[in-house]
Amino acid sequence: MQKFKISTEVCFGKGALSALETINAENAVIFTDAFLKKSGTADKIAGFMKNCAHISVYSDIKPDPPVELIANALDFLLKANADVVVALGGGSSIDAAKSTVLIARKQTGKDLPLIAVPTTSGTGSEVTSFAVITDKDAGVKYPLVSDDLLPVKAILAGELVASVPPQITADTGFDVLTHALEAYISLQANDFSDALAEKSLEIAFEYLPEAYKHGDNELAREKMHTASCLAGMSFNAVSLGVNHGIAHSLGAHFHIPHGRANGMLLPYVMWYNAGLDGKVDERTAVKLAKIAKLIGLPAFNSKAGAQNLVNKLKQMQRELGIPLTLKDAGVDKQSYESVKAHIIKSALNDACTATNPRKLKAHDIDVILSNIAKF
Ligand code: NAD
């Protein structure tokens, strides 16, 4: 038996931020990063929280939240005697809030509801049972997995994403494409997760280039916010694949933003999973060809369709300025060679790799990496 459940309430569309008015709390804490505090976004959010007696803001979240940050954030939460937490920001702020709230609930015995307000369109963290924490010394990103990490409410307000610069729009947009495509070909994929992934891909292929080129296009921003959330719902149900397995390790070693690492690998992981390097894997190739057709690419057979989708991803990488090689991403050959074996080992052990459709050994990861390991 399989099960499908979406437990987070999603508020979206014009006026979505008014959902914040329904929060009743004595002590509310907003978790965010320095940029969103300085830009006035945290104050804007606090302005909607009219039924909270006290609101404090924790704004020390850093990209790819490190393990040590969680202890600091927990201390803040306990001192504030919080009874509700609003996570405002990209995946880093939301994941840090999720992890901290989980520990705080255990320590205090309080319910401590978490409400997520994403300001990037990428991770889908507002609807997932995952939180990714980084151990920089070990060069590893740990995905924590628990239904207790799920926010009770997600508020999708496209207007909050308008300030995201083009490069971060590209990185996070490629994160959406990677989530939806990996979920779509995951070993656990089912009709429910496929429906969400297909819609996410249809929207993202249409609106990501526009959101990148014209960040003030409200429709494109709103659509990408929806695509990100749909992809999150999809992979939350059926997990991901080796693209994430490798990206987690690359990101932890070389501080390449998560979506960018995913985007650099995506065409090659899809090429490899469809067996376009040799014997075609019909299940995956048929699915990728279906997506090719959905977005208007020719697909007279599964192999041609899958190849056309791979080519489309490569074209979008160039159009959106995704680095094509590790050198372009700022990594030098010597540093790469010194940790390559560790990257391969971590990718094989990463929880996301377990649902990759093609079974992999170290050599296979090496083949995928060789497409970007050019110096
Ligand atoms: P991020 O949260 O690290 O933010 C990237 C940068 O964008 C930051 O400098 C931030 O200040 C800035 N930013 C955020 N919103 C902005 C706005 N509206 N305007 C201008 N700048 C803005 O990036 P992300 O890609 O959203 O999150 C990445 C993290 O999420 C990684 O740690 C990744 O591993 C994790 N992740 C989690 C899940 C999950 O399900 N929990 C899924 C995928 C990725």
Side-chain angles (χ1 to χ4, degrees), residues 8 31-42 44-45 59-67 69-70 87-99 102 114 116-136 140-147 149-151 154 156-180 182-183 211 215-216 221 224-225 228-229 231-237 239-240 243-252 255-263 350-352:
T8 303
F31 259 56
T32 193
D33 65 24
F35 170 80
L36 291 158
K37 170 100 168 76
K38 199 167 167 221
S39 66
T41 312
K44 177 177 172 158
I45 294 303
S59 59
D60 282 350
I61 312 276
K62 308 272 180 305
D64 297 328
V67 179
L69 184 127
I70 305 304
L88 170 73
S92 297
S93 295
I94 299 176
D95 283 9
K98 284 160 103 172
S99 318
L102 193 69
L114 174 65
V117 187
T119 63
T120 59
S121 305
T123 68
S125 179
E126 67 275 11
V127 289
T128 74
S129 340
F130 296 84
V132 186
I133 299 302
T134 301
D135 183 340
K136 290 207 162 109
V140 181
K141 277 184 150 193
Y142 294 108
L144 312 177
V145 191
S146 164
D147 279 353
L149 291 166
L150 277 165
L156 307 184
E159 73 220 58
L160 298 182
V161 199
S163 55
V164 175
Q167 187 60 67
I168 298 177
T169 302
D171 295 343
T172 48
F174 261 91
D175 204 17
V176 174
L177 293 172
T178 311
H179 290 153
E182 287 217 287
D216 56 351
R221 290 299 197 181
M224 281 309 298
H225 230 26
S228 171
C229 189
M233 288 172 178
S234 185
F235 86 76
N236 192 47
S239 193
L240 295 158
N243 205 113
H244 271 76
I246 303 174
H248 283 151
S249 189
L250 277 180
H255 313 299
I256 303 173
H258 174 74
R260 192 176 307 169
N262 268 335
D350 192 282
C352 295

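As the structure lists them, so they are numbered: ligands from 1, and atoms in each ligand from 1.
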Side chain, backbone, both or neither: which part of Ile168 comes within less than 4.0 Å of ligand 1 when only heavy atoms are counted? side chain

Here the salt bridge (Lys or Arg N to Asp or Glu O under 4.0 Å) pairs for residues 33-42, sequence neighbours left out, are none

Would you confirm whether Thr8, through its side chain, and Pro151, through its main-chain N or O, come within 3.5 Å as a donor-acceptor pair? yes

Options Thr178, Ile133, Thr123, Ile94, ranked by nearest heavy atom to atom 38 (C) of ligand 1, top entry: Thr123

Checking side-chain hydrogen bond (donor to acceptor under 3.5 Å, both in side chains) for the pair His255/Asp64: CA distance, chi angles, key distance, verdict? CA-CA 8 Å; His255 313 299; Asp64 297 328; 5.9 Å; no

With the side chain counted from C-beta on, respond yes when Thr41 and Thr32 share a heavy-atom pair under 4.5 Å apart, and no when they do not. no

Counting N and O atoms only, with roles assigned by atom type, does the side chain of Arg221 sit under 3.5 Å from a partner on the main chain of Gly215, one being a donor and the other an acceptor? yes

Are any of the protein's heavy atoms under 4.0 angstrom from atom 24 (P) of ligand 1, yes or no? yes

What protein heavy atom sits nearest atom 10 (C) of ligand 1, and how far off is it? Asp33 OD2, 3.1 Å

Just heavy atoms, cut-off under 4.0 Å: does Lys141 contact ligand 1 by side chain, backbone, both, or neither? side chain

Around atom 1 (P) of ligand 1, find the nearest protein heavy atom and jot down its residue, atom name and distance. Ser92 OG, 3.4 Å

Per-atom filter on ligand 1: closer than 4.0 angstrom to a heavy atom of Thr120 are 14 (C), 15 (N), 26 (O)

Among Gly122, Ser228, Ser163, which one has a heavy atom closest to atom 19 (N) of ligand 1? Ser163

Given that the side chain starts at C-beta and the backbone is N, CA, C, O, which of these parts of Phe235 lies under 4.0 Å from ligand 1, counting heavy atoms, or is it both or neither? side chain

Find all atoms of ligand 1 within a distance of less than 4.0 Å from any non-hydrogen atom belonging to Thr128, and give their numbers and elements. 39 (C), 40 (O), 41 (N)

Ring geometry between His179 and Phe235 (parallel below 30°, tilted from 30 to 60°, perpendicular above 60°): tilted

Say whether, by atom type as modelled, one donor and one acceptor occur between the side chain of Lys98 and the main chain of Phe130 under 3.5 angstrom. yes

Residue and atom name of the nearest protein heavy atom (relative to atom 35 (C) of ligand 1), distance in Å to one decimal: Asp95 OD2, 3.5 Å

Please give me the minimum heavy-atom distance between Gly263 and Phe174, naming the atom from each residue. CA-CD2, 3.6 Å

Atoms of ligand 1 close to Pro63 [distance to a heavy atom under 4.0 angstrom, numbered from 1]: 3 (O)

Under 3.5 Å between any N/O of Leu160 and any N/O of ligand 1: does that happen in this structure? yes

Is_contact(atom 5 (C) of ligand 1), protein non-hydrogen, under 4.0 Å: no

Asn236 side chain vs Ser129 backbone, donor-acceptor pair below 3.5 Å: yes

Ligand 1 atoms in contact with Thr172 (distance to a heavy atom under 4.0 Å): 25 (O)

Looking only at heavy atoms of His179, does any of them come nearer than 4.0 Å to an atom of ligand 1? yes

Ligand 1 to Val164, heavy atom cutoff 4.0 Å, flagged ligand atoms 16 (C), 17 (C), 18 (N), 19 (N), 20 (C)

Main-chain N/O of Val140 paired with Asp135 side-chain donor or acceptor, under 3.5 Å: no

Testing the basics here: between Met224 and Gly173, what is the closest heavy-atom pair and its distance to 0.1 Å? CE-CA, 4.1 Å

